[in-house]
Amino acid sequence: MSTSSHSAGSPVICWFRQDLRLADNPALLAATQSGAPVICLYVLDDKTPGKWARGGASRWWLHHSLAALSASLEELGARLVLRRGDAFEIVTGLASELGAQRVFWNRCYEPFARERDTSIKTRLKQAGCEAETFNGALLIEPWNLKTKDGGPYRVYSPYFRALAPHCDDIAPLPAPSSVTDGSQGVHSDALSSWSLLPSSPDWATGFGPVWTPGEDGARARLETFCEDAARDYADTRNLPGTDGTSRLSPHLHFGEISPRQIWHHAVSHVPAGKGRETFLKEIGWREFSYNLLFHFDDLPESNYQAKFNGFPWNFDETVFKNWTRGQTGYPIVDAGMRQLWQTGWMHNRVRMIVASFLTKHLLIDWRRGEEWFWDTLVDADLANNAASWQWVAGSGADAAPYFRIFNPVTQGEKFDEAGHYVREWVPELTNLPEKYIHAPWTAPADVLARAGITLGRDYPKPIVDHARARERALAAFSSLKDAA
DNA sequence: ACAAATTTGCG
DNA sequence: GCAAATTTG
């Protein structure tokens with residue numbers, strides 16, 4: 001490593017990662033307040049994460065989010081430097097090349113990120129450069145919330161009860177009013193050269209109309225939600241045919257908005273009540289997932305409950321493809337899978353239904369579903385994805401009754417009563433009357449004929465029989481108990 | 001209100 | 001020791 005110059009004029013680096021925003025960004029604020037010129041850096045590293053390199057939908061979002069961040073930084077007088085490659089090499093190399101005094105970043109919690117950041121910190125230190133790191137992504141970091149025994153929480157409710165008091169006095173940080181740019185002469189890749197957007201085929205045509213990536217879009221989404229839907233959230237969040245949820249998940253994943261900003265805004269703008277309480281609890285679930293990932297770092301790969309290691313999964317390529325393509329013959333499942341494919345997002349209630357269907361009706365390993373979601377969700381997030389898949393599969397941190405097997409018909413009837421959601425995403429069922437919309441195979445022949453549907457031609461017959469699948473899943477769980 | 005039951009977290 | 005545990009049917 002070359003000799004660093006530590007003159008007063010030497011720059012600092014602000015390394016953006018999953019914090020693509022200006023407001024409530026402790027690393028950015030500290031970097032600007034250091035008084036030194038700042039190099040704002042983003043590194044696209046597809047090597048360090050291994051199998052958890054960003055998936056396709058997530059890359060679409062990243063492209064637009066970086067474009068937005070770059071534009072807002074320019075308004076403050078700074079350029080966003082883009083580099084692609086091994087983050088360790090790039091960050092330590094750039095710091096050394098430029099004689100940076102300090103590197104600022106907000107902490108990440110993915111196991112590969114923690115390992116990477118630790119080695120970067122060590123290497124920087126050896127070269128006389130300090131890494132200064134901050135909490136920009138969580139209400140409270142995992143090592144700061146322990147049970148009375150000193151161990152990590154493994155049950156959500158007590159976790160949330162312990163978390164909430166820490167959120168009483170949140171005061172989000174302001175955005176810096178200006179940034180002194182230190183990036184003159186520093187090479188930046190062109191964003192377009194990263195090819196984050198799909199070309200042929202362009203599977204993302206349905207994404208643009210639904211999403212506004214970037215800090216402004218995140219802010220607008222939060223404000224609209226708190227004005228319109230938050231009050232009734234406890235009831236409407238379960239109805240996939242309505243705009244009952246916040247849709248903040250991709251913004252949160254990329255750090256276009258922080259959970260501290262969300263908590264603070266909700267508490268100040270939504271009247272106290274069931275809706276607000278339920279929404280804050282959802283923010284709490286995200287924290288709980290990060291807590292789990294931090295303390296059980298193989299959560300994305302291994303059953304949290306070891307007894308599931310002997311579970312008789314039964315992978316079938318054809319059946320799996322039917323699931324991914326929304327061709328299972330269960331309308332609520334197919335609607336969800338198609339919404340996911342077309343918009344990069346799926347309503348939370350439906351995520352639970354399709355995940356339960358994959359793991360319990362089809363007996364396909366939750367890790368296959370986790371991988372599919374990783375590639376297709378714009379909000380793909382290692383902690384949330386892993387914790388949630390394990391939760392549904394029954395292998396996760398949950399005193400789950402093993403008999404919790406979602407019935408895709410009754411779930412549909414309960415949460416999409418009029419069938420609006422199904423009709424939106426499974427248009428071939430548009431003309432099927434409400435009465436049969438969640439179970440087309442029960443419709444009399446003349447009803448199907450009038451709706452213009454021949455089962456097996458226009459829409460699949462169910463790929464499994466619910467009652468039999470349920471029995472099979474229960475038997476599989478019993479086999480676990482016997483083995484143990 | 002129940003099921004069937006283990007594990008967690010607090011006292 | 002004892003109460004409690006998102007989302008089930």
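Note on naming: letters A, B, ... go to the chains in the order of the sequence lines (proteins, then strands), and numbering restarts at 1 for each one.
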- Message: In this structure, how many angstroms lie between the C1' atom of C/dG9 and the NE2 atom of A/His361, rounded?
- Response: 12 Å

- According to the interplanar angle, ranging from 0 to 90°, do the rings of A/Trp345 and A/Trp211 count as parallel (below 30°), tilted (30 to 60°) or perpendicular (above 60°)? perpendicular

- Query: Salt bridge between A/Arg237 and A/Glu282, side-chain N to carboxylate O under 4.0 Å?
  - Reply: yes

- Message: Need the pair for B/dT6. Rule: Watson-Crick or G-U wobble, both distances under 3.5 Å, any strand; none if unpaired.
- Response: C/dA5

- Separation between the P atoms of B/dA4 and C/dG1, rounded to whole Å: 27 Å

- Query: Which of the following nucleotides, B/dG9, C/dG9, C/dA5, is nearest to the side chain of A/Arg154?
  - Reply: B/dG9

- Query: Does A/Gln411 make a side-chain N or O approach to OP1 or OP2 of C/dG9 shorter than 4.0 Å?
  - Reply: yes

- Residues A/Glu428 and A/Asp458: closest non-hydrogen pair is CG-O, 3.5 Å

- Query: Between A/Tyr109 and A/Phe294, is the gap from one ring center to the other below 6.0 Å?
  - Reply: no

- Measure the distance from CD on A/Gln305 to C1' on C/dA5 and round it to the nearest whole Å. 13 Å

- Task: Just compare B/dT8, C/dT8, C/dA5 and give me whichever is closest to any side-chain atom of A/Phe415.
- Result: C/dT8

- Message: Can you classify the ring geometry of A/Trp61 versus A/Phe254 as parallel (below 30°), tilted (30 to 60°) or perpendicular (above 60°)?
- Response: parallel

- Using atom CG of A/Asn407 as one end and atom P of B/dA3 as the other, report the distance to the nearest whole Å. 21 Å

- Task: Report yes if at least one side-chain N or O of A/Thr410 is closer than 4.0 Å to OP1 or OP2 of C/dG9; otherwise report no.
- Result: yes

- Taking only N and O in the side chain of A/Tyr156, is any of them less than 4.0 Å away from OP1 or OP2 of B/dT7? no

- Query: Taking OP1 and OP2 of B/dT6, is either one under 4.0 Å from a side-chain nitrogen or oxygen of A/Lys307?
  - Reply: no

- Message: Given C/dG9, C/dA5, B/dC10, identify the nucleotide with an atom nearest to the side chain of A/Tyr153.
- Response: B/dC10

- Message: In this structure, how many angstroms lie between the C1' atom of B/dA4 and the CZ atom of A/Phe477, rounded?
- Response: 14 Å

- Item | Nearest-Å distance once atom P is located in both C/dT8 and B/dT7 | 23 Å

- Ranking B/dG9, C/dT8, C/dA5 by distance to the side chain of A/Thr147, first place goes to B/dG9

